[in-house]
Amino acid sequence: AAAGTPSPAATWDFTLNGSSIKSRLDSGAMTIELAEAGTYALSVMWTNSADAVEATTASLLVQKDDTPPVTSGIDYSKVALAYLDARSSFAGTATDVTSITASGTGSYVFTKAGTGVAIQRSDAGFVFGDGAYVQTQVLSNQPTTDGLFTVVDVTLTSYGSNLGQLIDGTGVNLKLRNSAGSIQALGPVAGQGALTLGAVTYGTRILIGGLIDDVLDVLRGINNSGAAVSVPHTGLVDPLPTRFTTGRYVKGTLHRLVIVGRPEGKDWPVTIEQVYADFRRGE
């Protein structure tokens with residue numbers, strides 16, 4: 001920043017190895033994916049009729065990493081009811097997805113519902129535009145009677161026309177919603193409020209999780225800063241979802257989603273903390 005009389009104006013550039021890449025910045029935001037190795041630099045010159053001053057150039061060296069990617073330490077096909085990511089099998093076309101087949105023990109197929117903007121599949125995940133969304137088949141006798149959790153990896157680009165349903169559905173279920181820019185986890189017991197998981201920064205990838213525990217009568221979550229939060233959820237009956245929904249009223253990209261159940265009288269097949277840490281490590 002600079003001050004002066006008259007007020008100085010800024011001219012700036014963003015370069016990679018000395019060549020300007022200013023035009024490649026994301027539209028409407030000074031952000032960019034650093035996909036190439038090299039030296040990135042942001043330079044600023046402030047000028048008025050009296051003088052000119054150059055700010056200290058901010059630079060960042062990005063080096064190529066030739067080490068193999070870290071693979072997931074969790075086999076979601078065995079421990080999750082449903083797991084979705086950009087590699088999930090889908091029907092339709094990449095510009096009009098009609099269903100997504102999840103891996104996992106539940107054999108869930110998320111089928112297109114609603115009207116309006118079509119669902120798209122990109123290398124980063126499934127893109128929703130506050131139009132069509134997906135939901136599972138009608139479910140029964142799900143192994144969730146002692147608990148249920150979900151972890152969602154998503155980039156929201158703007159607010160939709162209603163509460164954004166990152167995970168929702170019918171039955172005695174868990175919900176993760178974007179409520180006017182606030183991510184909330186909601187359990188099935190009315191009148192006990194919502195557990196806040198942080199504010200949305202649109203255009204920024206976030207990772208959040210929500211959990212209902214019928215053994216401890218608690219609603220828990222992991223917020224967008226990675227912190228654990230919880231509230232008592234007394235009066236909870238056995239979680240028993242009859243349908244899951246995702247993408248309704250959502251504008252953005254769903255990168256990954258997992259749903260895990262806890263059968264009656266048994267331990268969690270994997271914990272929400274383990275899944276969150278696995279998601280943090282990357283795909």
Side-chain angles (χ1 to χ4, degrees), residues 72-85 88 100-111 134-153 165-177 183-197 207-223 227-248 254 256-280:
S72 172
I74 298 174
D75 186 348
Y76 292 104
S77 67
K78 295 180 179 179
V79 299
L81 292 172
Y83 172 78
L84 298 176
D85 65 18
S88 295
I100 309 168
T101 299
S103 62
T105 61
S107 300
Y108 294 173
V109 178
F110 289 79
T111 303
V134 291
Q135 61 184 12
T136 67
Q137 66 270 38
V138 175
L139 307 170
S140 61
N141 301 317
Q142 294 299 292
T144 61
T145 48
D146 267 353
L148 172 67
F149 78 76
T150 184
V151 177
V152 176
D153 179 4
Q165 298 180 9
L166 302 176
I167 194 72
D168 212 290
T170 56
V172 185
N173 213 332
L174 172 71
K175 306 177 192 295
L176 287 181
R177 292 177 170 178
I183 298 294
Q184 297 177 334
L186 297 91
V189 179
Q192 293 199 22
L195 182 62
T196 299
L197 300 180
L207 182 59
I208 41 93
L211 176 150
I212 48 178
D213 191 321
D214 186 36
V215 177
L216 300 177
D217 275 343
V218 69
L219 173 64
R220 293 203 293 122
I222 300 177
N223 66 22
V229 289
S230 65
V231 292
H233 209 54
T234 55
L236 185 65
V237 296
D238 290 349
L240 194 61
T242 55
R243 173 167 274 163
F244 288 103
T245 298
T246 185
R248 193 175 189 187
L254 179 67
R256 288 174 294 178
L257 179 150
V258 68
I259 301 169
V260 175
R262 183 181 184 181
E264 187 76 23
K266 297 184 179 180
D267 291 333
W268 292 101
V270 64
T271 68
I272 189 172
E273 291 81 11
Q274 289 170 327
V275 171
Y276 186 89
D278 186 63
F279 273 29
R280 283 287 299 270

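For reference, positions follow the sequence shown, starting with 1.
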Considering only heavy atoms from C-beta outward, does the side chain of V152 approach that of T246 to under 4.5 Å? no
Minimum side-chain heavy-atom gap T234-V189 below 4.5 Å: no
I208 side chain reached by L166 side chain, heavy atoms, under 4.5 Å: yes
State which residues pass side-chain hydrogen bond (donor to acceptor under 3.5 Å, both in side chains) with T101; sequence neighbours excluded, sorted by chain then number. none
Find out whether T196 and N223 are in side-chain contact, i.e. whether some heavy atom of one side chain is under 4.5 Å from a heavy atom of the other. no
Mind checking what makes side-chain hydrogen bond (donor to acceptor under 3.5 Å, both in side chains) contact with T170, not counting sequence neighbours? T242
Find out whether P239 and Q142 are in side-chain contact, i.e. whether some heavy atom of one side chain is under 4.5 Å from a heavy atom of the other. no
Quick check: do V237 and P188 have side-chain heavy atoms less than 4.5 Å from each other? no
Sequence neighbours excluded, the answer for side chain to side chain contact (heavy atoms under 4.5 Å, CB included) partners of S107 is none
By ring-ring contact (aromatic ring centres under 6.0 Å, His included) - contacts of Y108 (at least two apart): F244
Please find the pair of heavy atoms, one from R243 and one from T136, that lie closest to each other, and give the distance. NE-O, 2.8 Å
Does some side-chain heavy atom of L197 sit less than 4.5 Å from a side-chain heavy atom of L176? yes
Aromatic plane relationship, Y83 with F279 - under 30° parallel, 30 to 60° tilted, over 60° perpendicular: perpendicular
Roughly how far, to the nearest 0.5 Å, is CZ of R248 from CG of D168? 8.5 Å
With side chain to side chain contact (heavy atoms under 4.5 Å, CB included) as the test, pick out the partner of L148 among D238, V172, N173, V260. N173
Does the side chain of V231 reach to within under 4.5 Å of the side chain of Q192, using non-hydrogen atoms? no
Give every donor-acceptor pair under 3.5 Å between a side-chain atom in residues 209-222 and any protein atom, sequence neighbours left out.
| from | atom 1 | to | atom 2 | distance (Å) |
| --- | --- | --- | --- | --- |
| D213 | OD1 | V215 | N | 2.8 |
| D213 | OD1 | L216 | N | 3.0 |
| R220 | NH1 | E273 | OE2 | 3.0 |

Set of side chain to side chain contact (heavy atoms under 4.5 Å, CB included) partners for S88, sequence neighbours left out: L84, D85, I100, F126
Evaluate the side chain to side chain contact (heavy atoms under 4.5 Å, CB included) criterion for residues V270 and Y76: first the C-alpha distance (whole Å), next the side-chain angles of each, then the deciding distance (0.1 Å), finally the verdict. CA-CA 9 Å; V270 64; Y76 292 104; 5.7 Å; no
